[in-house]
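Let me begin by presenting the structure, written as structure tokens, before commenting on it.
Nothing here was measured: the structure is a model prediction, and the numbers come from that model. Just follow the structure's listing: the first ligand is 1, and inside any ligand the first atom is 1. Hydrogens, waters and symmetry mates play no part in the numbers below; they use all other heavy atoms, side chains included.
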Amino acid sequence: MASSALALSGLRIFIRTFGCQMNENDSERMAGLLAAAGAAPVKEETAAEVVVVNTCAVRAKSEEKLHSYLGRLQSRRRDRGLIVGVAGCVAELRKERLFGPRGTVDFIVGPDEYPRIVDIVAASRSRRVLAVGRTRSWREGGQSLALRGNPASAFVTIMEGCDNFCAYCVVPFARGREKYRPLRSILEEIEGLAGRGFKEVQFLGQNVNTYRDPESGEDFPSLLLRAGAIEGLVWIRFLTSHPKNFTPALVAAMASSPKICRQLHLPLQAGSDGVLSRMKRGYRREDYFRLVADLRDRMPEIALSTDIIVGFPGETEAEFRETLAALEDIRFTDIFSFRYSPRPLTAAARLADDVPAEVKRRRLLDVQALQKDIQSGLNAGFIGRTIRVLCTGKSKKDEKVYAGRDEGYRVVNFRSASDVLGRFVDVAVSSAGPHSLRGDAIQVL
Ligand code: SAH
Ligand code: SF4
């Protein structure tokens with residue numbers, strides 16, 4: 001490490017992150033490792049000597065974003081010696097093919113190689129570096145050093161990879177099989193975070209419900225309850241959950257601990273049994289509805305959000321309407337909706353992508369229009385109520401305007417006379433739109 005520390009001393013590095021919260025957390029960890037070796041993370045890409053692009057491979061469009069970004073960096077790479085590295089899911093999926101015939105990239109680093117990021121960056125100053133390939137077990141690296149983007153809420157990755165192989169999804173190929181982080185390492189990190197004043201942790205993994213401590217065999221509900229016992233920590237969240245792995249014991253653990261937020265991201269993907277089965281999701285519509293009823297029975301206020309894919313191969317209009325009906329019945333607080341995009345190596349890539357682009361586009365608009373109405377209605381119900389908010393942001397334009405989220409993960413923008421960044425605040429809600437609530441701070445905790 002000593003020679004690397006010298007090698008990176010003062011080196012200005014910019015990390016651009018695409019994709020999910022796991023990528024965000026990985027970037028925070030890479031930035032921490034690089035900074036500990038003497039590098040200087042910068043906020044502007046134009047000030048950097050090294051740019052690391054942390055990528056997402058989940059849809060074709062995510063991959064296109066990488067290529068247009070790489071294109072924009074090329075003149076500085078050619079003329080001014082900028083070093084460009086690609087990290088994340090596309091790095092692992094495409095490997096050396098990313099070097100390209102004209103050499104547009106200097107290093108490629110897959111998610112399991114992040115603990116070696118300092119040596120990789122150091123070596124890339126004199127030669128091309130390819131560092132990909134999956135390890136079989138969890139590798140520690142940089143958790144406690146992470147340079148966090150949020151002053152009050154911290155991402156804590158507890159597992160990597162996915163064993164589910166949903167028919168449309170490239171994640172098991174880009175992130176490999178499931179690997180679990182040792183429980184003691186997770187608890188050590190969150191004790192440290194609580195000690196430094198963090199109020200909230202969000203456990204991350206592609207499929208957190210199947211977590212098992214590789215050392216003791218303790219399961220996910222047990223991890224949640226142990227985290228709930230840590231002093232100073234007030235809110236605990238986790239994502240992503242898979243409906244087929246959401247056990248009654250997990251519902252019970254959530255209900256039993258007031259620190260576990262009454263909020264859950266529970267991807268449905270589609271509302272019809274035919275599509276769910278072709279997607280190989282492992283549950284039926286009825287199972288999902290039963291789980292939602294159980295959760296709401298134990299935690300009436302629980303806020304549920306979901307992911308929806310429209311236009312999966314063979315999706316008929318009648319099947320699509322079952323997705324709309326499910327949205328109407330369940331009334332999610334938020335959804336992420338996507339047009340199906342065929343991905344390499346996946347089972348669905350062998351099916352004909354037979355829903356015409358125009359139909360996919362219209363279905364996506366239908367989903368989004370319906371959901372906007374639902375969210376407007378749900379959020380209007382908060383006007384006149386007082387809600388607790390964890391303040392995590394501050395307006396750049398108006399110093400009295402702050403932003404945060406409530407327990408249900410709703411975005412709340414509010415006015416406050418004093419600086420409340422990083423604090424819990426009670427906010428009186430005075431107005432609401434489909435995507436956020438607005439109000440005034442009436443008490444700082
Ligand atoms: N592990 C998580 C997240 C996977 S990727 C989960 O199981 O939900 C995030 C979302 O992207 C998925 O939930 C799905 O809705 C969407 N997605 C994944 N592959 C896709 C594809 N090929 N086309 C369109 N959307 C996709
Ligand atoms: Fe992809 Fe399915 Fe695994 Fe989620 S559970 S990462 S959608 S394969």
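Scored by the salt bridge (charged side-chain N to carboxylate O under 4.0 Å, His left out) test, Arg321 finds no partners at all (sequence neighbours excluded).
Scanning all protein heavy atoms for the shortest distance to atom 7 (S) of ligand 2 gives Tyr168 OH, 3.3 Å.
Relative to the ring axis of Phe312, Arg278 does not place its NZ or CZ within 45° and under 6.0 Å from the centre. Seen from the ring of Tyr114, Arg29 does not count as a face-on cation partner, given the 6.0 Å and 45° thresholds.
Taking the six-membered ring for Trp, Phe220 and Phe238 have ring centres closer than 6.0 Å.
Taking a 4.0 Å cut-off on heavy atoms, Arg281 registers as neighbouring ligand 2.
A distance-only check finds a donor-acceptor pair linking the side chain of Lys259 to the backbone of Ile230 [under 3.5 Å].
No more than 12 heavy atoms of other residues, nucleotides or ligands sit less than 6.0 Å from atom NZ of Lys65. The number of heavy-atom neighbours closer than 6.0 Å to CD of Glu317, taken from other residues, nucleotides and ligands shown, is above 12. The environment of Arg296 atom CZ is dense: over 12 non-hydrogen atoms of other residues, nucleotides or ligands sit within 6.0 angstrom.
For atom 3 (Fe) of ligand 2, the count of nearby protein N/O/S atoms, taking only those under 2.8 Å, is 1.
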With a cut-off of 3.5 Å and sequence neighbours excluded, list every side-chain donor-acceptor pair involving residues 403-413.
{"residue": "Arg405", "atom": "NH1", "partner": "Tyr409", "partner atom": "O", "Å": "2.8"}
{"residue": "Asp406", "atom": "OD1", "partner": "Gly408", "partner atom": "N", "Å": "3.0"}
{"residue": "Asp406", "atom": "OD1", "partner": "Tyr409", "partner atom": "N", "Å": "3.0"}
{"residue": "Asp406", "atom": "OD1", "partner": "Arg410", "partner atom": "N", "Å": "2.8"}
{"residue": "Asp406", "atom": "OD2", "partner": "Arg410", "partner atom": "NH1", "Å": "2.7"}
{"residue": "Glu407", "atom": "OE2", "partner": "Arg262", "partner atom": "N", "Å": "2.8"}
{"residue": "Tyr409", "atom": "OH", "partner": "Gln202", "partner atom": "NE2", "Å": "3.1"}

When you check ligand 1 against the protein, what N or O pairs turn up below 3.5 Å? List the atom names and distances, or just say none.
{"residue": "ligand 1", "atom": "1 (N)", "partner": "Gln206", "partner atom": "O", "Å": "2.8"}
{"residue": "ligand 1", "atom": "1 (N)", "partner": "Gln206", "partner atom": "OE1", "Å": "2.9"}
{"residue": "ligand 1", "atom": "11 (O)", "partner": "Arg59", "partner atom": "NH1", "Å": "3.1"}
{"residue": "ligand 1", "atom": "13 (O)", "partner": "Gln269", "partner atom": "NE2", "Å": "2.8"}
{"residue": "ligand 1", "atom": "13 (O)", "partner": "Asp307", "partner atom": "OD2", "Å": "2.6"}
{"residue": "ligand 1", "atom": "15 (O)", "partner": "Gln269", "partner atom": "OE1", "Å": "2.7"}
{"residue": "ligand 1", "atom": "22 (N)", "partner": "Tyr168", "partner atom": "O", "Å": "3.0"}
{"residue": "ligand 1", "atom": "22 (N)", "partner": "Ser341", "partner atom": "O", "Å": "2.7"}
{"residue": "ligand 1", "atom": "23 (N)", "partner": "Ser341", "partner atom": "N", "Å": "3.0"}

task = Just do the side chain to side chain donor-acceptor pair (under 3.5 Å) check on Ser337 and Gln368 with the steps written out, would you?
result = CA-CA 8 Å; Ser337 50; Gln368 292 174 346; 3.0 Å; yes
